[in-house]
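The structure appears right after this line, and notes come after that.
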Amino acid sequence: MSSVAQLVNHLVRPEILALSAYHVPDCTGLIKLDAMENPYLVPQVLRDEIAAIVASAPVNRYPDPNPQALKEKIRHLLGLPDGMAVLLGNGSDELIQLLAMAVNKPGAVLLSVEPSFVMYKMIATFVGMRYAGVPLAADFSLDLSATLEAIRREQPVLVFLAYPNNPTGNLFARDEVRQIIEASPGLVVIDEAYYAFASDSFVNDLANYPNLLVMRTFSKLGMAGLRLGFLAGSALWLEQLEKLRLPYNVGVLPQLVAEKLLENHSVLLQQAEQIKKDRTVLYQQLSAIAGVEVYSSEANFLLLRLADANRVFNELKRRGVLVKNLNGGHPMLNDCLRVTVGTPAENERFIEALQESIGQV
Ligand SMILES: *Cc1c(COP(=O)(O)O)cnc(C)c1O
């Protein structure tokens with residue numbers, strides 16, 4: 001008889017054995033500025049309405065596999081023209097996986113830029129797809145000639161560009177993104193997870209390109225706990241992806257709560273506006289600290305570089321503030337930390353803790 005460990009090692013694919021699971025640190029008692037969550041709950045009246053909706057929700061039944069009212073609200077928010085549809089996912093992470101599964105013919109390549117959202121590469125590995133990562137320029141803008149060259153060489157069936165990019169926070173140059181879409185033989189997905197905090201979007205370009213889809217999530221807008229993301233684009237694309245979607249991927253409660261929250265989208269957008277203002281304040285405060293380099297951001301987080309990020313990360317944590325340590329994740333992120341914009345009080349606490357941590361006080 002083999003031991004469990006022997007069986008596991010024998011049966012699980014080697015590339016899965018080699019992965020380390022996505023690490024979510026314990027945040028008990030800490031100010032949580034590591035995961036780009038919206039720090040605000042919605043107003044109490046709206047929470048009361050949600051409580052009533054949840055109380056009478058038919059949780060004994062399977063969820064609606066095609067929640068028309070919710071999809072209509074999303075279509076309306078985006079101003080999608082006829083012929084364009086939305087596909088709902090259990091967070092946008094699930095949609096990345098659906099896309100990869102749909103186009104993963106033998107030898108197919110998924111291409112993205114680096115550093116960017118780590119799930120693109122991870123999901124390529126999950127589904128057994130080849131991954132090509134093109135380094136960004138030193139200032140985190142696109143290296144357009146290298147990217148176009150990689151597209152020519154690799155002929156990727158799927159390209160992901162996060163717009164704004166995570167973890168760098170910047171929007172790539174629109175015209176360069178356009179050139180990438182036009183040069184790509186495969187599908188290009190613009191990942192607009194941070195749309196609420198950004199000054200530009202590719203939603204209005206959907207009709208111009210047959211190989212373009214836009215992906216969004218409500219996670220960064222105050223619904224991270226619901227797990228709801230969507231793809232927008234031609235119904236012809238989404239029809240195929242629908243076949244791969246597990247029938248009940250979005251539960252009864254997330255559907256109902258999201259619908260209610262989207263009826264009050266302006267409340268969420270006001271919170272996003274507040275977060276953008278506080279991002280500016282935080283950016284200025286960080287810029288004024290000697291030894292801290294802070295990158296400008298169109299998202300709800302800021303990327304910073306400072307000496308000995310590992311030590312500062314631990315010192316911040318010891319002082320009750322959890323940020324994301326990006327040191328070691330990618331060579332271009334050496335000594336980088338990423339901090340989510342929190343409430344003004346949380347941001348102040350972070351700045352104090354940072355000053356103490358780098359020994360300026
Ligand atoms: C957070 C994030 C996502 C994933 O969001 P979920 O909908 O919560 O799965 C996707 N893309 C980018 C760039 C992100 O930062």
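We count ligands from 1, going down the list as the structure has it; atoms in each ligand are counted the same way.
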Could you give all pairs that pass the salt bridge (Lys or Arg N to Asp or Glu O under 4.0 Å) test and reach residues 189-202, with sequence neighbours left out? Arg174-Asp200, Glu192-Arg216

Ligand 1 contacted by [X] (non-hydrogen, < 4.0 Å):
X	result
Ser219	yes
Glu94	no
Phe218	no

Checking a contact table here: which protein heavy atom is nearest [atom], and how many Å away?
atom	answer
atom 12 (C) of ligand 1	Asp191 OD2, 3.4 Å
atom 5 (O) of ligand 1	Ser92 OG, 3.2 Å
atom 15 (O) of ligand 1	Tyr194 OH, 2.6 Å
atom 9 (O) of ligand 1	Arg227 NH2, 2.8 Å
atom 14 (C) of ligand 1	Lys220 NZ, 3.0 Å

For ligand 1, note which part of Met215 has a heavy atom under 4.0 Å away: side chain, backbone, both or neither. neither

Would you mind telling me if ligand 1 is within reach of the side chain of Ala193, the backbone, both or neither, using heavy atoms under 4.0 Å? side chain

Cluster membership besides Leu236, Ile/Leu/Val/Met/Phe/Trp/Tyr side chains within less than 4.5 angstrom, sorted by chain and number, is none

Option passing ring pair (Phe, Tyr, Trp, His ring centres under 6.0 Å) with Phe301 (candidates Tyr295, Tyr283, Tyr194): Tyr194

Any N or O of Tyr120 that comes nearer than 3.5 Å to an N or O of ligand 1? no

Using a 4.0 Å cut-off to any heavy atom of Asp93, which atoms of ligand 1 qualify? 4 (C), 9 (O)

Students often mix this up, so state it plainly: with edges at 30° and 60°, are the rings of Tyr62 and Tyr248 parallel, tilted or perpendicular? parallel

Parallel, tilted or perpendicular: rings of Tyr120 and Phe117 (30°, 60°): perpendicular

Do Phe172 and Tyr163 have ring centroids that are under 6.0 Å from one another? no

So, Asn170 versus Glu298: side-chain donor-acceptor pair below 3.5 Å or not? no

Sub-3.5 Å donor-acceptor pair from the side chain of Arg245 to the main-chain atoms of Leu88, do we have one? no

